[in-house]
Amino acid sequence: MNRPQVSHSCLTTPRLFCIFTPPCLPCCLLSPSEVTLALLDSANDKDPVVREQVRKSILTLGKQQPNKVLSMCQDYLVKHPKLVIGHRVVILQTIELIVKTKIDDISYPKIKSIISLASDEMTRSKDVVPDWQQAASNILVAVGNKYINDIMEEILSKFQPGILPHFFVVQTLASLSESNVYGMVPFLNAILGTMLPMLGMAKQDNMKWVFSSALSHFSESILEYLANLDKAPDPTVRKDTFSSDIYAAYDILYCSWLQSRESKLRLTVAEAVGSMSHLMAHDKLEEQLPKLIPTILSLYKKNTEHYVISKVGRPLMTAAVNVPTCTVIVILLPLQVCAPVDYSNPLTVKNHNEVLRCFSILANTFPDRLVMFVLQKLENSNERIRMGSLAVLRHLINSSTSIMETKKLLILASIRQPLADHSNKVKKRVVQVISAMAHHGYLELEGGDLLVKFIIQHCALPDTYYVRQRPSDPEEVTNEALRSMCDNTLHLFTTTVGRLTDVLWPMLLYYLTPGQYSNATTPLCKSLTLLGTKKRASQEPNFNIDFNEQGRCLLEGAPFTRCVNGSFPFRSRGHGAPSLSLLNVISPNIHPNAETLWEKEIPALLSYLEGKGPPLNDPRNIFYELSRFLFLASWLFPQGFLYRCVGVTLQQCSNKEVVQKQLQEILISARHNDAMERAGVAMGIGLCASSHLDATLAKLDDFGKSDAFKKASGIFSLLKDKNDLDVEKMKSTLILCYGYVALHAPEDQILSRIDSDILRSISNLYLLLFPQALYKDTFNALQELLRNILVRDLSPDGLQSVFKHIEEWLSSGQDHERERAMNTTAHILEFYFNNLHVKNMVTFHNLGSLLGRLAPRCTDPNPLVRRAAIDCIYTLLYIQLRYEGFSLDYKDDSVERLITLRESMDNPDHSVLYKTCSELIISKRLPQQQLNTLIFMLFEGLVDSQSNCSRASSVLLNTLLKHRGAGLQDLVSEMLEVLHIRLQMISEDQVKVSVAQSILILATQHLQTVINTLISFPLPFDSWSCEMWIALGADSKLASQIMEMLMEKLNIMVPYVDKKESMMRGGLTKVATSHPLAMTCALKEMMLNGQSQDAVVSLFPQLFSSLLVRLGSSLGVTLPKDINSFGTNRKSPTKLAAGFDVCGVAVEALRILLARAQLDHVVKPLDQEGAWDKMKDPQQHIPGVTLLARAMAKHAGPRLPAIVECLCPCLNNIYECQRVTITAFFSELLNHHVVTELMMMDVLMNNMMERISDPCCTVRMLAVRGLGNIAVGSPEKVHMEEGGGGLLAAMSSGMEEKDDPGKRITLEAMSGLSKVLLYLDKKNVQLLVVYIFMKIKPFLESVSRAERHFCCHGYHPAAARCCHGSGAVFRVGLGLLTLVSWLNSQSGPHTITVT
């Protein structure tokens, strides 16, 4: 039928969905079928907008008459087989849309025909045409949502075993598993069974990609099905139904496809492996994870798109959670979480978040190890590592609240390290961590105040100063940005973290007075104003502040002194108005009468400062108003208060001349007889010193030397006038000033000035005292100064800050210095104990470090030091008891024993002393968390200047490790690192022995960790690493365990890898892998310990076979350039020692093994014949191994059966070098009769028979040699018909060897045949003579002189046996004549004797 032609350019969508402009026919005259056909014609319009409109129009028609429109689309495609691809795609896409929207209205026959059409369209072209075939595939997927059985019938007909399917057949299966989980999963078991053989047939990357993608989708579908079994049609489906097939597929993907050069394929394979890991059996997963996770993570270096890899990492971590023995540890940290996040790139943000989720997963299973790992990285020297660690820590605090609950104190202690970081980038991350900690209750705990202090310190940051131009670093964090962040954080604490209200109030008031926080006044005052207003409005009791109870750091009136900010109200970020607002809020705390006065005065001042009040004619009037307010307020406070105000003002003054002048004025004009005024002067000068320490000390020194301190001399000095009293009071003022200077001056500056300035100046005031009295007074002054410093922070941290300046003197080489340091320590500990008020149960977190420093001093050569050390430990333990909640008068019997022990310090019994101290430390008095610090302090004591103390440290250390070392799993590696360092400095032999014992104790408790750590030490092992391995050989039972573990690993690990020599030259070089090399070195060192003999003897067969195999795999292997790259915390690689080579290590270990097993009679001939050097030489290796086998056969025969049993399985190893060495060893053993005596002949002969078909020519040659040697070692075996026949067949096979470039196999076969013929029965030989001579005839014609020579001389005895009394004499003679004539014609005259 002719149908009207429709213009393609007139298509729009009213009524019949298209409008025709003249001269086209009106739409009302066209049937829907004609419109549909017109639209199908127009489906390939050049304009994409038109194409889209056509598709929508056909869809609209299809919704009304789906069967009819689908039939027309189908017919159109069938009638136009050569339609351009784009046109077909639009029509197929339209079919898909109709099917999706109206599948319930489409008839079943039409569904079947649509399936057939889509399948044909999808697979018509063998080549991949993505747009066309994807459109057809989408139709099948859409139909499969309802008619899955029909779809699978069609698809599986094109998914047949043994035939590589079409790309889109596999892709369709993958898509179906995603869109119809419940319909597809029942088919997947069969699909996987068919697919597995296909994986090996896939050679093209696109097929590997689609198979990987399909496996990924299949795994996800199965997991979803299993997670919703209550909704599934078959609830009996289990994971193990798919485990074996999934693992088989995984093996191909991991071992082969994951190494592809195509990055897109690598990522898809990785994604598939991640999904498949959930379905693998637990034992298989446990076996694979140690290899799989590093492999996946290594893809970060090979691909720029990291999000996919991180997304894969998370399922792996999740899978690892269910594997109890999995030792997954976080290696994402240095790779990804430390990478900069580009917030303009969504993928980098997603990747960062995905990596953080991995840490959350690991935290659920390995919380202790993960937290320790992250906290250790906070001390890393790499800025990025520190930033990444803080990001992880913040995430764990927010996401793993319950897990982190028990680790709050540990985190609080560890966060102190990054608090001192100099990088603003790191500080920004620290602020984020503190913010997270605030919301989860960390800041209320002991040590939380330091985090608040950190925020306030950085609210006071100055503006960033650039010397030249601004840096271009996009990640730069300026001081302004960090300061603003801290301002906001402090405001956040105040307004949204309700639990912090009582922490911040009144603590924030402490920071108003010190000058270093002046730039933080504005945020401080704003926060305090909010807190105070809230508390005052709700009439909370703690709104009222008892300044005496709060301590000397919060003096009465100190908040008011900040009102002098009004002198410069617009400085320091406009601190005037916030300061006055705070004063108005806290006025009841300042003075009872202040509230009424300030409520009247302050609002007016605030109006001026905020620009809300009436305009002032002269801006200076505002300063007048502020000064007037200060004057009115001054009468509210005790006498001397204004001196404090002056001190605060001088803090802010930058003019040094003004500072010195004002200090001079204060000291001269003060009324020194008035105690209150003296205190005010001292406080003011102390406050000034916080910003101007040098100027203050200089002025105090000048004042002490001034005429005001000079008395009258001569006869008038006998008269006591009132001036003497004034001078004494001035001295009191001056000393008090020094005390407040020490109190307020910055800690990092004042401690170095105590001796040089303060104590010197004080001592000058008492020059007339006797030297002893002067020393006593000076010492007392020092102790008073330390008490003043300690009272500022009467906490474990404050105690540590004082002790750290004393501890270095405790190990001085001078007796008097140790004595003074110990007495001072005893004094401050007693002061601390007497002034300790424990309000809450807190941790005395530095108990371990203090005990570690003091306990070894109990054996000091100086008896006074010993007594003082006992006193210190006594006080320390009682301080710990106070922190545990015991009362002040509580007496502990075990601690009181120290008093008795102290009385015997003049002539101490060191064994009793060690026992008492150890028992106290081991007992409940030392919490487990303190043990770590104590142990590391004792490590330092190993190198004490006093040998008694170093020995004491070692004894205490070993006692602790023996009794409580089992709980130190996470510290073992670090302890071994420290011991390795200490060994280099220890000179005492007794201490070295104790260190060896320490290593042995750790190994008995944490064997695997000890081995892993020592193995990772740099190669070649230095002498101290060797000592540590030798120490492990001291215990025979433990040494056996270690040797077995090392051998087990040595036998399964890859001994070397093939690497290209260079890009310019071809060829591969064997490069040793580091772990097996290190293990060989470890075995060698352990066997050097004489006490390892029992272990060596009991494991001799296994050790010998392992080292022999290792020797074979070390031949011709070079050292890697990055030999120490496998260590986790290695320093820079050590310089390789001369003579350190891979094969040499194995040879030396083998020699030491023989010597330790007392086989000197084996070692001696090997030494004499140079066998060791031959074994290392690739050209002489086989003769060297032959000499070894010969010596073992002659002198160690009884040990051979067990050795042979161990070596036999190794003949199937994939490494040719190993098979060569073992076959050479066995070949020579067959040359000796001992193998028959020990009943090893059949085993060795069978193995040699199997090796005749080995792919390696050298192995085949040695196997033939071994079979020929049977005639020498066991002639009786040849007489046996079966044996002789087998040997002859083997020799014959060897003579016919074609893959024999150097004719070595041929010559060995001829040699072996000549040996065998000598011992065969004469009758049997005569039967075989023609066959034999026919076999050797080709070699008579060989161009090889060696072969011709051997035929003549090697077979001479055999030929003689054949000819005696035989009817075959004629044939033999004929053969020999032929031989003679051939030799004469080819090679000149030869003499042949025929018997």
### Query
Would you find a donor on one side and an acceptor on the other, under 3.5 Å apart, between the side chain of S1311 and the backbone of L1307?
no
### Task
Measure from the side-chain N and O atoms of D1035 to the backbone N and O of L1038, and report whether any donor-acceptor pair falls under 3.5 Å.
yes
### Query
Between the side chains of D1022 and S1025, does any donor sit under 3.5 Å from an acceptor?
yes
### Beyond-backbone contact of V1220 with L1262, side-chain heavy atoms, under 4.5 angstrom
yes
### Closest heavy-atom pair and its distance - A1263, I1252
CB-N, 4.1 Å
## Note on the structure
Heavy-atom nearest pair, L1032 first then A1003, reads CD2-CB, 3.6 Å
### Query
Could you state the interatomic distance from CD (E1228) to CZ (R1190), rounded to the nearest 0.5 Å?
4.5 Å
### Query
Would I1203 and M1192 satisfy side-chain contact (heavy atoms from CB on, under 4.5 Å), going step by step from the backbone distance to the final call?
CA-CA 10 Å; I1203 293 174; M1192 290 293 293; 3.7 Å; yes
### Message
The test is side chain to side chain donor-acceptor pair (under 3.5 Å); show your working for R1251 and N1246 and say whether it passes.
### Response
CA-CA 9 Å; R1251 288 306 102 202; N1246 291 338; over 6 Å; no
### Query
Quick check: does any side chain N or O of H1195 sit under 3.5 Å from a backbone N or O of V1162, one acting as donor and the other as acceptor?
no
### Task
Output, in order, the C-alpha distance, side-chain angles, deciding distance and verdict of side-chain contact (heavy atoms from CB on, under 4.5 Å) for L1088 and W1029.
CA-CA 9 Å; L1088 287 174; W1029 277 110; over 6 Å; no
### Query
Would you call R1110 and V1142 a side-chain contact if the rule is heavy atoms closer than 4.5 Å?
yes
### Query
Does the side chain of S1253 come under 3.5 Å of the side chain of R1260 through a donor N or O and an acceptor N or O?
no
### Summary
All heavy atoms of P1076 vs all of M1053, minimum pair found to be CG-CB, 3.9 Å
### Full working for side-chain contact (heavy atoms from CB on, under 4.5 Å) between L1207 and V1109
CA-CA 8 Å; L1207 285 175; V1109 172; 3.9 Å; yes
### Query
Between S1016 and T1013, is there a donor-acceptor pair closer than 3.5 Å when you use the side chain of the first and the backbone of the second?
yes
#### Entry: Any side-chain heavy-atom pair of S1092 and M1086 under 4.5 Å
no
#### Entry: Side chain T1073, main chain P1055, donor-acceptor under 3.5 Å
yes
#### Entry: Heavy-atom check, side chain of V1243 versus side chain of V1204, under 4.5 Å
yes
### Message
Just so I know, are the side chains of F1226 and I1222 near enough to count as touching, which here means a heavy-atom distance under 4.5 Å?
### Response
yes
### Query
Would you say the side-chain atoms of S1113 pair up with the backbone N or O of C1217, donor to acceptor, closer than 3.5 Å?
no
### Query
Hey, what do you get for CE (M1248) to OG1 (T1223), rounding to the nearest 0.5 Å?
5.0 Å
### Message
Less than 4.5 Å apart, side chain to side chain, heavy atoms only: is that true for L1083 and M1043?
### Response
yes
### Message
Tell me whether the rings of H980 and W1024 are parallel (<30°), tilted (30 to 60°) or perpendicular (>60°).
### Response
perpendicular
### Summary
Heavy atoms of V1185 and T1221 approach each other most closely as CG1-O, 3.7 Å
### Query
How many angstroms lie between CG in L1187 and CD in Q1180, if you round to the nearest 0.5 Å?
9.5 Å
### Task
Please name the pair of heavy atoms, one in A1189 and one in L1229, separated by the smallest distance, quoted to 0.1 Å.
O-CD2, 3.8 Å
### Task
Please determine if R1219 and D1254 form a salt bridge, counting it only when a charged side-chain N lies under 4.0 Å from a carboxylate O.
yes
### Approximate separation, where rounding is to 0.5 Å, of M1241 CE and H1233 NE2
8.0 Å
### Query
Ion pair present between K1174 and D1177, side-chain N to carboxylate O less than 4.0 angstrom?
no
### Message
Quick check: closest heavy atoms across A248 and L196, and the distance to 0.1 Å?
### Response
CB-CD1, 4.0 Å
### Message
For L279, is there any backbone N or O sitting under 3.5 Å from a side-chain donor or acceptor partner on S243?
### Response
yes
### Task
Take L1111 and C1143 through the side-chain contact (heavy atoms from CB on, under 4.5 Å) test and state the conclusion after the steps.
CA-CA 6 Å; L1111 170 61; C1143 197; 3.6 Å; yes
### Message
Could you measure the distance from the OH atom of Y247 to the CE atom of M276? Nearest 0.5 Å is fine.
### Response
10.5 Å
### Query
Looking at F1140 versus F1021, is the centre-to-centre ring distance below 6.0 Å?
no
#### Entry: Backbone N/O of L253 and side chain of S256: donor-acceptor pair under 3.5 Å
no
### Query
At what distance, to the nearest 0.5 angstrom, does CG of L1046 lie from CD1 of I1015?
5.5 Å
#### Entry: Ring-face cation contact, F1100 with R1199, 6.0 Å cut, 45° max
yes
### Task
Give a yes or no on whether a salt bridge exists between K1164 and D1167, defined as a side-chain N under 4.0 angstrom from a carboxylate O.
no
### Task
Using a 4.5 Å cut-off on heavy atoms from C-beta on, say whether the side chain of R1304 contacts that of T1258.
yes
### Message
Between R1265 and S1227, do the side chains contain a donor N or O and an acceptor N or O under 3.5 Å apart?
### Response
no
### Query
Under the side chain to side chain donor-acceptor pair (under 3.5 Å) criterion, do Q1091 and S1036 qualify, and how do the steps go?
CA-CA 7 Å; Q1091 293 174 294; S1036 181; over 6 Å; no
### Query
Is a side-chain donor or acceptor of H1006 paired with a backbone partner of G965 at a separation under 3.5 angstrom?
yes
### Query
Is there side-chain contact between T1186 and N1231, with at least one heavy-atom pair below 4.5 Å?
no
### Query
Considering residues, nucleotides and ligands other than Q1179, do more than 12 of their heavy atoms fall under 6.0 Å from its CD?
no
### Query
Quick check: are there more than 12 heavy atoms from other residues, nucleotides or ligands sitting under 6.0 Å from CD of E1237?
yes
